[in-house]
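The block underneath contains the structure these notes are about, expressed in structure tokens.
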Amino acid sequence: MVSNRNIAVFILSHGRSDNVITYRTLRTHGYTGKIFIIVDDEDQTLSDYKKRYKDEVIVFSKKDYENTFDVMDNFEGNKVIVYARNACYDIARKLGLDYFFEYEDDYQQFRYRHADGNILRSNPANKLDSLLDAMITCLDETNATTIAFAQGGEMMGGVQSLYYRQYARKAMNTFIFKVNKDPADDILFTGRMNDDVNTYLTQGKIGKLFFQISPINLIQVQTQSSSGGNTEAYKTFGTYVKSFYSVMAEPSCCKIAYMGTVHRRLHHKIDWNSAVPMILDEKHRKPRFDPGEAQCLTLT
């Protein structure tokens, strides 16, 4: 169980000391383990974080991570989440953790999804300790790099949505990682924006397994509806620029396209047949060739 494991949930936050929604959601959904709020030393509300959350606040410096990963542009400023993402492994090693869950600060609910005929229904996931424990077991048994819960938008289409496929070769928001002894084995996120997409594409193409599973659904605050976090960068550069980072990362399988039916907007679109190595069913495995059993042919 979670209480017997050496794990913690990291909540990456900036400028929202009075509104770390994920912290409350984790507790109300039954998580009893350790939580640490990861805040950078340039945050103007840092003192308020410490006042509210005391020893549960961990401070890192973005300057320590400059030039350690590719931000993929020459813009000024560093008010984006990717720095915190790349600090998490080091923080986890300093804490002596075996695993860490990497969450953002605006999660409102965790919900189970199940099909009721042609209707996709949901119920609150109120036993998070057991659920996160199962995620660790799944990570180990599949040898995956990370596993994430599905997002609300993935359920559009009801039973014919991602729920029908059960999983996708991507991961966003609710990452779980195993702590590596060697920092060279860490997964580095790249890009000022769309860092999660950039990373699962560049790492996925070399065989790293990133999974998003559909039975568990994450509900979060609508992007750009609250201040802090990545909101400033999104408003400054817009959706097109955000999505184009992933095109720069993997132009062979990612492009810009319109998404939606009524209120259409530009977004990245991935050709998955060109993005990652395929995982084939075991029934397609061919028997290994045994030279000792080979028969010689005599030509006449």
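- Between the side chains of Asn217 and Arg113, at least one donor N or O sits under 3.5 Å from an acceptor N or O.
- The aromatic rings of Tyr23 and Tyr53 lie tilted to each other, with the angle between the two planes from 30° to 60°.
- Side-chain atoms of Asp64 and Tyr83 include no donor-acceptor pair closer than 3.5 Å.
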Could you walk me through whether His14 and Ile81 pass side chain to side chain contact (heavy atoms under 4.5 Å, CB included), step by step? CA-CA 8 Å; His14 181 94; Ile81 198 172; over 6 Å; no
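- When all heavy atoms of Val241 and Met193 are compared, the closest pair comes out as CG1-CE, 4.1 Å.
- Inspection of the Asp271 and Ser274 side chains reveals an N or O donor paired with an N or O acceptor under 3.5 Å.
- Tyr245 and Asp195 are not linked by any side-chain donor-acceptor pair at a separation below 3.5 angstrom, with hydrogens and angles left out of the test.
- Closest of all the heavy-atom pairs between Arg169 and Pro277 is NH1-O, 2.9 Å.
- Distance alone, capped at 3.5 Å, places no donor-acceptor pair between the Asp116 side chain and the Ile119 backbone.
- Side-chain contact check for Phe110 versus Leu218: some heavy-atom pair is nearer than 4.5 Å.
- The closest donor-acceptor contact from the side chain of Asn180 to the backbone of Asp182 lies at 3.5 Å or more, if one exists at all.
- Counting heavy atoms from C-beta on, the side chains of Val9 and Leu132 come closer than 4.5 Å.
- Ion pair Lys205/Glu250 flagged as a salt bridge, since at least one NZ, NE, NH1 or NH2 atom sits closer than 4.0 Å to an Asp/Glu carboxylate oxygen.
- Phe211 and Tyr167 have perpendicular rings, their planes meeting at more than 60° on a 0 to 90° scale where under 30° would count as parallel.
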Step by step, work out the salt bridge (charged side-chain N to carboxylate O under 4.0 Å, His left out) result for Asp98 and Arg5. CA-CA 8 Å; Asp98 295 323; Arg5 291 185 183 271; over 6 Å; no
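- The side-chain heavy atoms of Met135 and Ile213, taken from C-beta on, include a pair separated by under 4.5 Å.
- Cluster membership for Ile206 and Leu209, using ILVMFWY side-chain heavy atoms within less than 4.5 angstrom, is not shared.
- Of all non-hydrogen atoms in Ala171 and Thr146, the two that sit nearest each other are CB-CG2, 3.8 Å.
- One finds the NE2 atom of His29 at 13.0 Å from the CG atom of Asp129 (value rounded to the nearest 0.5 Å).
- Taking the six-membered ring where the residue is Trp, Phe189 and Phe175 present perpendicular rings, their angle passing 60° and hence far from 30°.
- With sequence neighbours excluded, no residue forms a salt bridge (Lys or Arg N to Asp or Glu O under 4.0 Å) with Asp70.
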Does the pair Lys170 and Trp272 meet the rule for a side chain to side chain contact (heavy atoms under 4.5 Å, CB included), with working shown? CA-CA 10 Å; Lys170 59 182 181 178; Trp272 283 103; 4.0 Å; yes
Take Glu42 and Asn78 through the side chain to side chain contact (heavy atoms under 4.5 Å, CB included) test and state the conclusion after the steps. CA-CA 10 Å; Glu42 299 176 19; Asn78 60 7; 3.4 Å; yes
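- Not one N or O on the side chain of Arg192 forms a donor-acceptor pair closer than 3.5 Å with the backbone of Asn74.
- A perpendicular orientation is assigned to the rings of Tyr89 and Phe100, their planes being inclined by more than 60° (bins at 30° and 60°).
- Heavy-atom neighbours of Asp18 CG from other residues, nucleotides or ligands within 6.0 Å: above the threshold of 12.
- The shortest side-chain heavy-atom distance between Ile7 and Ile136 falls under the 4.5 Å cut-off.
- Ile219 and Phe101 are assigned to two separate hydrophobic clusters, defined by single-linkage of ILVMFWY side chains at heavy-atom distances under 4.5 Å.
- Atom-to-atom distance recorded for Lys127:NZ and Thr32:OG1 is 13.0 Å, nearest 0.5 angstrom.
- Exactly one residue among Val71, Leu201, Asn198 makes a side chain to side chain contact (heavy atoms under 4.5 Å, CB included) with Thr190. That residue is Asn198.
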Could you walk me through whether Phe69 and Tyr65 satisfy the ring-ring contact (aromatic ring centres under 6.0 Å, His included) test, starting with their C-alpha distance in whole Å, then the side-chain angles of each, then the deciding distance to 0.1 Å, before giving a yes or no? CA-CA 7 Å; Phe69 66 96; Tyr65 293 89; 8.0 Å; no
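- Inspection of the Thr22 and Asp105 side chains reveals no N or O donor paired with an N or O acceptor under 3.5 Å.
- Side-chain contact between Leu95 and Phe36 is present, with at least one heavy-atom pair separated by less than 4.5 Å.
- A 6.0 Å sphere centred on CG of Asn123 holds more than 12 heavy atoms belonging to other residues, nucleotides or ligands.
- More than 12 heavy atoms of other residues, nucleotides or ligands sit less than 6.0 Å from atom NZ of Lys34.
- Inspection of the Tyr49 and Ser13 side chains reveals an N or O donor paired with an N or O acceptor under 3.5 Å.
- Between Phe210 and Tyr200, the two ring planes are tilted [angle within 30° to 60°].
- Salt-bridge check for Asp186 with Arg93: passed, with a basic side-chain N closer than 4.0 Å to an acidic carboxylate O.
- Distance check, rounded to the nearest 0.5 Å: CD of Glu56 to CD1 of Ile35 gives 6.0 Å.
- Here the closest non-hydrogen pair linking Cys254 and His268 is SG-CB, 3.8 Å.
- Here Arg85 pairs with Glu104 in a salt bridge; the nearest charged N to carboxylate O distance falls below 4.0 Å.
- Atom CG in Leu188 sits 5.0 Å away from atom CG in Asn86 (nearest 0.5 Å).
- Under the side chain to side chain contact (heavy atoms under 4.5 Å, CB included) test applied with Tyr31, the options Leu128, Leu131, Thr25 reduce to a single match, Leu128.
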Please report the C-alpha distance between Val59 and Lys50 in whole Å, then the side-chain angles of each, then the deciding distance to 0.1 Å, and finally whether the side chain to side chain contact (heavy atoms under 4.5 Å, CB included) criterion is met. CA-CA 10 Å; Val59 182; Lys50 291 181 176 180; 3.9 Å; yes
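- By the neighbour-count criterion of 12 heavy atoms within 6.0 Å, atom NZ of Lys178 is sparsely surrounded, having that number or fewer from other residues, nucleotides or ligands.
- Clustering ILVMFWY residues whenever any of their side-chain heavy atoms sit less than 4.5 angstrom apart, transitively, puts Met278 in the very cluster that holds Ile270.
- Among all heavy-atom pairs drawn from Ile21 and Tyr107, the shortest one is CG2-O, 3.2 Å.
- Taken from CE in Met172 to CG in Asn194, the straight-line distance is 9.0 Å, to the nearest 0.5 Å.
- In this structure the side chain of Gln203 reaches within 4.5 angstrom of the side chain of Ile187, judged on heavy atoms.
- Considering all non-hydrogen atoms of both residues, Ala150 and Gln212 come closest at CA-CG, 3.7 Å.
- With respect to Glu66 and Lys63, no salt bridge is recorded, no charged nitrogen being found less than 4.0 Å from a carboxylate O.
- Taking CD1 of Ile38 as the reference point, atom CG of Leu12 lies at 6.5 Å (rounded to 0.5 Å).
- In this structure the side chain of Thr28 never reaches within 4.5 angstrom of the side chain of Asn126, judged on heavy atoms.
- A salt bridge does not link Asp48 to Lys51: none of the charged side-chain nitrogens sits closer than 4.0 Å to a carboxylate oxygen.
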